[in-house]
There are 2 protein chains.
Amino acid sequence: MQDSHTSESTQKTIEETIVSGILSAKIRPGTRLSENQLATLFGVSRTRVREAMMRLETRGIVHVSPRRGWFVVEPSAEEAIAVYEARRVIEAGLLRSMRVLTDEGGKALDVHLNEEKTAMAAGDRQRLTYLMGDFHIRIAELSGNAIIVDILRDLTARTILISMLYQSEFHAAQSHDGHCRIFEAMQAGDFARAAELSIEHLDEVEMGLDLTTRPDPLSELRSSLSLPPKAVPSVSQLSDPKNHNFKGAIKTC
Amino acid sequence: MQDSHTSESTQKTIEETIVSGILSAKIRPGTRLSENQLATLFGVSRTRVREAMMRLETRGIVHVSPRRGWFVVEPSAEEAIAVYEARRVIEAGLLRSMRVLTDEGGKALDVHLNEEKTAMAAGDRQRLTYLMGDFHIRIAELSGNAIIVDILRDLTARTILISMLYQSEFHAAQSHDGHCRIFEAMQAGDFARAAELSIEHLDEVEMGLDLTTRPDPLSELRSSLSLPPKAVPSVSQLSDPKNHNFKGAIKTC
DNA sequence: CTTTCCTGTCTTGTATGCAAGATAGCCACA
DNA sequence: TGTGGCTATCTTGCATACAAGACAGGAAAG
């Protein structure tokens, strides 16, 4: 979003810029996406921005409030639960359907987990957020099924938005451990176990959410009043000062 | 598509009309969807038609060939395999995640299976096509998870398009039996078994496809030349004469 | 001081106009 | 007869203009 874009960007670029902004937690839920501003930023007319918005809307990532504007979705508690449920269903189903972990696949996951470790050691939270979500997409990529990858990518984006709204604590190490355990089960060829671990892992993350403090009507009211989203509480300020939108670290897997 | 539409239809209506046309096998893969024609049919400008097309494109139901037109997708053999794989993953994962079959849920499925039986007895193929696909959506609805329902609806639409392209034989009774067995396992509370049966059922249907006769490059070439898709062979003409687009019955679940 | 209403401004919703690529048909020419 | 190229026409791509609702701020009335 705050990138300076030279003009002549294609539609896909608008869409993917916003999605990757969400995947790396640079764009918060409830962010207003003005057609005019985006058109200026990308050097195109409103028409193309609108097309990108409509695509993102069908992907469940933005929504439009008629004649008021486009907003990054702020999933309700019920929607949050549905997203995690959908992820458990799909990711566990996917792992159960796997039969082998190829050498390249194992290597790719190993590289990824090392990247997670590096980002944790470096305290690079933005990258960590991205990597924590990306792990699950990497697993989907192992299946070679582009349909499932796309579905999980969108669900991951929503998951990150949910984390930004409802997550009170951050246990990067716990999530990383969960990923490692899933990987180990896969290496051992025990995909049923990997599926179970995946469900447990998602349960853990979901348990770390506080789905009661932010009832939906309040959230709607707040955005109607154009107030900034309430800061996530109880995360003492250790955030990167150059990114004042980033309210504490996010556990994203 | 051949409905006469009085004007002032909303965007959603364009989208849903096309999707439901596919779900009931009234619209064939490769069908050209002219912006101008649809605009006239629905009494709106091209703008809104384009928006509907873009939404359908992100749902994987239509695609655009630049400056040539919009077309209902003709999934390649590889894509067909991916769709069935995705359905196995999601539907089996969904069934495995279920814990109870409520009374209403059981009743809804029972009603549905009776509708299937009725349509089979009546030889109402269009309705049967719709019902065979709808069974799986009904199961998703039992979970109460709107995300999964939406995903499976779109995959079902693609499945029907695949059937129209590649299916050589029609075993409605076999599919119906598969549905019944899944239902029985669910009633018995054995959801792991239901998941396995669901995978077997989808395997059966996929096996009934002939994914070799229609290699992708040929299909692309054909549509480039604006030739009509090759009729599905070996289905002796028992189709309803009032719908000459309907090339034999379709097994859709 | 409070409330109501009005108006200016900003937003998206929708239609339309024009540009540019793709295609088909025809004609000239070998 | 076959071939190359031109043109007319049809398609989508994209920008723009205008309509109409939502909102904020201020003025006026109580």
Side-chain angles (χ1 to χ4, degrees), chain A residues 1 5-18 30-59 61-74 217 219-228, chain B residues 1 5-18 30-59 61-74 219-229:
Chain A
M1 288 292 288
H5 275 276
T6 63
S7 51
E8 56 212 51
S9 306
T10 164
Q11 235 138 306
K12 267 278 166 52
T13 309
I14 302 177
E15 224 179 310
E16 287 317 309
T17 300
I18 290 172
T31 302
R32 179 147 172 273
L33 298 173
S34 157
E35 291 183 4
N36 273 319
Q37 287 180 17
L38 289 173
T40 305
L41 271 171
F42 285 89
V44 296
S45 80
R46 276 180 53 219
T47 304
R48 297 180 69 184
V49 173
R50 274 180 74 75
E51 288 172 356
M53 290 299 113
M54 308 245 172
R55 290 188 148 100
L56 288 173
E57 190 180 37
T58 84
R59 293 171 66 179
I61 290 174
V62 307
H63 77 110
V64 63
S65 179
R67 303 202 193 258
R68 294 207 330 110
W70 295 91
F71 300 88
V72 176
V73 294
E74 299 180 272
S219 165
E220 267 184 22
L221 181 61
R222 188 182 310 111
S223 81
S224 300
L225 298 169
S226 298
L227 293 175
Chain B
M1 287 293 289
H5 274 277
T6 64
S7 51
E8 57 211 52
S9 306
T10 163
Q11 235 138 308
K12 267 279 165 51
T13 310
I14 301 177
E15 225 181 309
E16 286 317 309
T17 301
I18 290 172
T31 302
R32 181 148 170 272
L33 298 173
S34 158
E35 291 182 4
N36 272 320
Q37 287 179 18
L38 288 173
T40 304
L41 271 172
F42 285 88
V44 297
S45 80
R46 276 179 53 219
T47 305
R48 298 179 69 184
V49 174
R50 276 180 72 76
E51 289 172 356
M53 290 298 113
M54 307 245 173
R55 289 189 151 100
L56 288 173
E57 190 180 37
T58 82
R59 293 172 65 180
I61 290 173
V62 308
H63 78 110
V64 64
S65 178
R67 304 201 192 258
R68 295 207 330 110
W70 296 90
F71 299 88
V72 176
V73 294
E74 298 180 273
S219 166
E220 268 185 20
L221 181 61
R222 187 183 310 112
S223 80
S224 298
L225 299 169
S226 298
L227 293 175

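Each chain gets a letter, A, B and so on, in the order the sequences are listed, and its residues count up from 1.
Place Pro66(A) and Glu51(A) on DNA chain D by their nearest nucleotides, and Glu51(A) ends up nearer the 5' end. If you find the closest nucleotide of DNA chain C to Arg67(B) and to Val64(A), the one lying nearer the 5' end belongs to Val64(A).
Contact of Ser34(A) with dT11(C) (side chain to base): no donor-acceptor pair of N or O atoms is detected under 3.5 Å.
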- request: Decide yes or no on side chain to side chain contact (heavy atoms under 4.5 Å, CB included) for Thr17(A) and Phe42(A), but give the supporting numbers first.
  value: CA-CA 10 Å; Thr17(A) 300; Phe42(A) 285 89; 3.9 Å; yes
- prompt: Under the side chain to side chain contact (heavy atoms under 4.5 Å, CB included) criterion, do Met53(B) and Ile18(B) qualify, and how do the steps go?
  reply: CA-CA 10 Å; Met53(B) 290 298 113; Ile18(B) 290 172; 3.5 Å; yes
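Annotation: the span from Arg55(B) atom CZ to Glu57(A) atom CD amounts to 4.5 Å, rounded to 0.5 Å. Note that the CD atom of Glu35(B) and the OG1 atom of Thr40(B) stand 11.5 Å from one another [nearest 0.5 Å].
Using a 4.0 Å cut-off, no side-chain N or O of Arg68(B) falls inside it from OP1 or OP2 of dG21(C). Residue Thr47(A) places no side-chain N or O under 4.0 Å from the OP1 or OP2 atom of dC14(D).
At whole-Å resolution of the value, CZ in Arg46(A) and P in dC18(D) are 14 Å apart. Atom CE in Met54(A) sits about 15 Å away from atom P in dG13(D), given to the nearest Å. Residue Phe71(A) contributes atom CZ, which lies 13 Å from atom P of dA22(D) at whole-angstrom precision. Protein atom CG of Asn36(A) is 13 Å distant from nucleotide atom P of dA15(D), rounded to whole Å. dT23(C) atom P lies 11 Å from atom CZ of Arg32(B), rounded to whole Å. For Arg55(B) and dG13(C), the CZ to C1' distance is 12 Å, given to the nearest whole Å. Following rounding to the nearest Å, Arg50(A) (CZ) and dC14(D) (C1') show an atom-to-atom distance of 14 Å. Distance Arg48(A) CZ to dT16(D) C1': 15 Å, rounded to the nearest Å.
Each of His63(A), Arg68(A), Arg67(A) was checked for a side chain to side chain donor-acceptor pair (under 3.5 Å) with Ser65(A), and the lone residue meeting it is Arg68(A).
When the nucleotides dA15(D), dT16(C), dG13(D) are ranked by their closest atom to the side chain of Ser45(B), dT16(C) comes out on top.
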